[in-house]
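Working notes, beginning with the structure itself.
Quick caveat: nothing in here was measured; it's all calculated off a predicted structure. Numbering starts at 1 and runs along the sequence shown.
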Amino acid sequence: MVSPRGPPRARPTDMTTPGPLLPPYGVVVGVLLHLVVYLVAVLYSYAEQLFLKKDDNKIKKQDMPAVCDLHCCKDVPVRNGLIRQKPPSINPERLKDFGEEDYLNGDVKTWEMKIVSRNEELLRDALSCIPQPSSRTSLTSCNKLIRFEDISAAAFKIQCGVQKTPCMYSRLSKQYGMDIYLKKEFLQYTGSVKERGVLYLLMSLPQEQQRKGVIVASDSNFSMAVAYHASELHIPVFVIVSTSTAPARVKMCREYGAMVISYGTTAKDSQVHARRLAQENGYLYLEEEDSAVYLSGLGTVGLEMYEQVPNLDAVIFPAGGHCGLLAGSAAALKHLNPHISVIGVESESFPVLQQSLKAGHPTDDQACNNHHFYGDVSGVCFGSNSLQLTGKLVDKVVAVREEDILISMLRLLEYERATVDAEGAIGLAALVAGKLPELKGKRVAVVICSGNLELHLLQQCIARALTLDNRVCRFSLVISDCPGDVSKLLEILAREEARVLDIKQERTFVTSELFTVKVICTVETRDKIHTAQLRNALLERYPTTAWTER
């Protein structure tokens, strides 16, 4: 009998039961295992790289300490564009018997630090090492090579510690027939370009040496830069000077934060004493040399000028014995544009660089040391590295007279309101003297590198420069000792627009007629043409007028 319910229905499928679309259990486990192994490998590689990076940083900190964050910190007062902190106090007790004179005549061994640079090409050419003739404290090994990358690194590292000085178009351009741009490095805090090399040098010292301190033995721009920047970096700094040092220099170094000690009557005495103190106390005795670090810092001037003045045709630098600025900047400029002419200028009285280039090695002419007016320009040639760079990269070295330097100082004071010393004015002196006629109509940059001129020298230099420029003249004449004759002379001077600076009458030692008086007059004129007009007018009225030749 057939069931009335009809055929049996199909049993509904259970939706929770895994279907054939899901992967088997073994496959899932295998994928998870591969994923775990991969994550472990990635974590191990990352940990290994992190470990190696810590080791590299540790090595770098031992060889080259990190840049002191003194100049880039916050919440401190700002002075002259730099962030200023109070320099640390220096304990005089750390010095041992610095007043004794027993060691002056003995041989003193100097503690030295050597930073060995890598054997790489100098820009495009490899340099051979020339032995140093004089025994001096060295900061680097003989094989010191400077690369463009070194200069770029120095520029990045010192950018918070030195001024980026302007390179401005000068009103002297029309007078000399060319576009003149003045790189005003005398605007640095200590008034000298030496700050660039000194700051990079101090930043490159090991932290242990920074803790112990540095010592210098001179009153030069280099020493003042060391005094200031070492104090800013919290490095104990000692400056040893002779008793003949100008009091203004001693005061300035003390204000920068250095401990200044007057010792000995000559510069050599103070240097020997400083070396002994360095040996006994663990200080680093610093002497301006041509180490790769120092030259790289000075070479940043060339980088800035290339950025500030487009399409430069020539750049003029001060030269002389201390030609580190010339050599370092030439390395930067020639790498950026080999067609830029790099010219060095030195004094005819001390042609140290030209003699060294001719001899093929640094000369050691003691006759040119300690010339107060010329400063570092008259120093001995201090290194073979800068000499080699100069010989390879500098296009021309010219010499100028002392008269040209004085007139250059006068031009800068009048047209640029810049009070500079001989080292700062010697570059422009080459244009004043007409030593570079090939630069007519071209774009020329001149480095004004130093402005540390003492006040008593400033007065003498300006007075002498006015005389050399035919702006101040003196004459004498004999007139009758009658009322009104002197007034007539003054009327002539007023008509010729001459300014009377001094006038005096001499009656006692006059050998001419009786009742006559000799009048000696000093006047100021506009220029050489104005002086000639005044002279003709006086000779027409007083034929016996005698002019004092300069």
Side-chain angles (χ1 to χ4, degrees), residues 122-125 146-156 158-159 162-188 193 196 295-319 323-345 389-398 400 408 411-412 415-418 420 424-450:
L122 166 66
L123 304 179
R124 300 181 181 86
D125 302 317
I146 178 175
R147 303 168 300 146
F148 179 76
E149 291 78 4
D150 299 328
I151 302 174
S152 301
F156 177 77
I158 68 174
Q159 60 181 340
V162 297
Q163 297 285 346
K164 186 174 182 178
T165 56
C167 191
M168 302 173 60
Y169 182 80
S170 175
R171 290 187 296 154
L172 292 167
S173 301
K174 295 181 180 180
Q175 187 171 348
Y176 296 104
M178 62 189 75
D179 291 335
I180 301 176
Y181 293 83
L182 301 180
K183 180 63 171 172
K184 299 184 177 181
E185 281 296 307
F186 65 93
L187 296 178
Q188 297 291 350
V193 70
R196 296 175 178 269
L295 292 183
S296 298
L298 294 177
T300 58
V301 175
L303 284 181
E304 287 187 9
M305 297 173 71
Y306 185 82
E307 295 174 358
Q308 293 170 323
V309 184
N311 303 320
L312 271 175
D313 295 310
V315 182
I316 302 175
F317 294 92
C323 57
L325 173 62
L326 171 65
S329 298
L333 290 168
K334 287 296 186 179
H335 179 83
L336 294 168
N337 185 358
H339 300 292
I340 295 178
S341 297
V342 179
I343 301 170
V345 185
L389 280 170
T390 302
K392 284 183 173 290
L393 302 177
V394 175
D395 298 279
K396 191 175 185 180
V397 178
V398 298
V400 295
S408 176
R411 296 285 185 270
L412 289 170
Y415 287 85
E416 299 294 333
R417 299 298 182 262
V420 302
I426 196 170
L428 182 64
L431 301 180
V432 171
K435 296 284 186 175
L436 302 170
E438 68 274 13
L439 299 182
K440 291 287 185 179
K442 295 186 178 181
R443 181 169 289 193
V444 182
V446 183
V447 180
I448 312 299
C449 65
S450 176

What closest approach, in Å, do Ser329 and Gly302 show between heavy atoms, and which atom pair accounts for it? OG-N, 3.6 Å
Would you say the side chain of Val345 lies within less than 4.5 Å of the side chain of Ile316, judging by non-hydrogen atoms? yes
Stepwise, does the side-chain contact (heavy atoms from CB on, under 4.5 Å) test hold for Leu312 with Asn337? CA-CA 9 Å; Leu312 271 175; Asn337 185 358; over 6 Å; no
Could you grab the distance from atom NZ of Lys174 to atom OH of Tyr415, nearest 0.5 Å is fine? 11.5 Å
Inter-residue atom distance Leu431.CG - Ser408.OG, 0.5 Å rounding: 8.5 Å
Least distance between heavy atoms, Ile151 atom then Ala331 atom: CD1-CB, 4.0 Å
Can you find a heavy atom in the side chain of Ser152 that is under 4.5 Å from one in the side chain of Phe148? yes
Flag the pair Leu336 / Leu303 as yes when at least one side-chain heavy-atom distance between them is below 4.5 Å, and no otherwise. yes
d(Glu185 CD, Ile448 CD1) to nearest 0.5 Å is 10.5 Å
Can you tell if the side chain of Leu182 reaches within under 4.5 Å of the side chain of Met168, non-hydrogen atoms only? no
Nearest heavy-atom neighbours spanning Ile426 and Pro318: CG2-CB, 3.5 Å
Taking all non-hydrogen atoms of both residues into account, name the closest pair between Leu298 and Gly324 and its distance. CD1-C, 3.6 Å
Is Thr165 close to Gln188 at the side-chain level, that is, under 4.5 Å between some pair of heavy atoms? yes
With a 4.5 Å heavy-atom cut-off, do Asp179 and Tyr169 have their side chains touching? yes
Gap between atom CZ of Phe317 and atom SG of Cys449 - 0.5 Å precision: 10.0 Å
Under the side chain to side chain donor-acceptor pair (under 3.5 Å) rule, what do Gln308 and Lys164 come out as? Steps first, then yes or no, please. CA-CA 10 Å; Gln308 293 170 323; Lys164 186 174 182 178; over 6 Å; no
Sorted by chain and number, sequence neighbours left out, side chain to side chain contact (heavy atoms under 4.5 Å, CB included) with Lys396 holds for Ile343, Val398, Leu436, Glu438
Sub-3.5 Å donor-acceptor pair from the side chain of Thr390 to the main-chain atoms of Ala327, do we have one? no
In terms of heavy-atom contacts, Lys334 and Ser341 come closest through NZ-CA, 4.4 Å
Which is it for Val420 and Leu428 under the side-chain contact (heavy atoms from CB on, under 4.5 Å) test, yes or no, and what are the steps along the way? CA-CA 11 Å; Val420 302; Leu428 182 64; over 6 Å; no
Measuring from Ser296:OG to Arg147:CZ, what's the distance to the nearest 0.5 Å? 8.5 Å
Any side-chain heavy-atom pair of Val315 and Tyr181 under 4.5 Å: no
Distance in Å, Leu172 CG paired with Leu412 CG, rounded so as to fall on 0.5 Å steps: 6.5 Å
Closest non-hydrogen contact found for Gly299 with Ala332 is O-CB, 3.8 Å
side-chain contact (heavy atoms from CB on, under 4.5 Å) between Leu393 and Val342, intermediate numbers included: CA-CA 8 Å; Leu393 302 177; Val342 179; over 6 Å; no
Just do the side-chain contact (heavy atoms from CB on, under 4.5 Å) check on Val447 and Val193 with the steps written out, would you? CA-CA 9 Å; Val447 180; Val193 70; 5.6 Å; no
Got a sec, which residues hit salt bridge (charged side-chain N to carboxylate O under 4.0 Å, His left out) with Glu416, two or more places apart in sequence or on another chain? Lys184
Quick check against the 3.5 Å criterion: does Glu307 have a side-chain atom that pairs as donor or acceptor with the backbone of Glu304? no
When you measure from the side chain of Arg443 to the backbone N and O of Pro310, does any donor-acceptor pair fall under 3.5 Å? yes
Are the side chains of Leu439 and Tyr176 in contact, using a 4.5 Å heavy-atom criterion? no
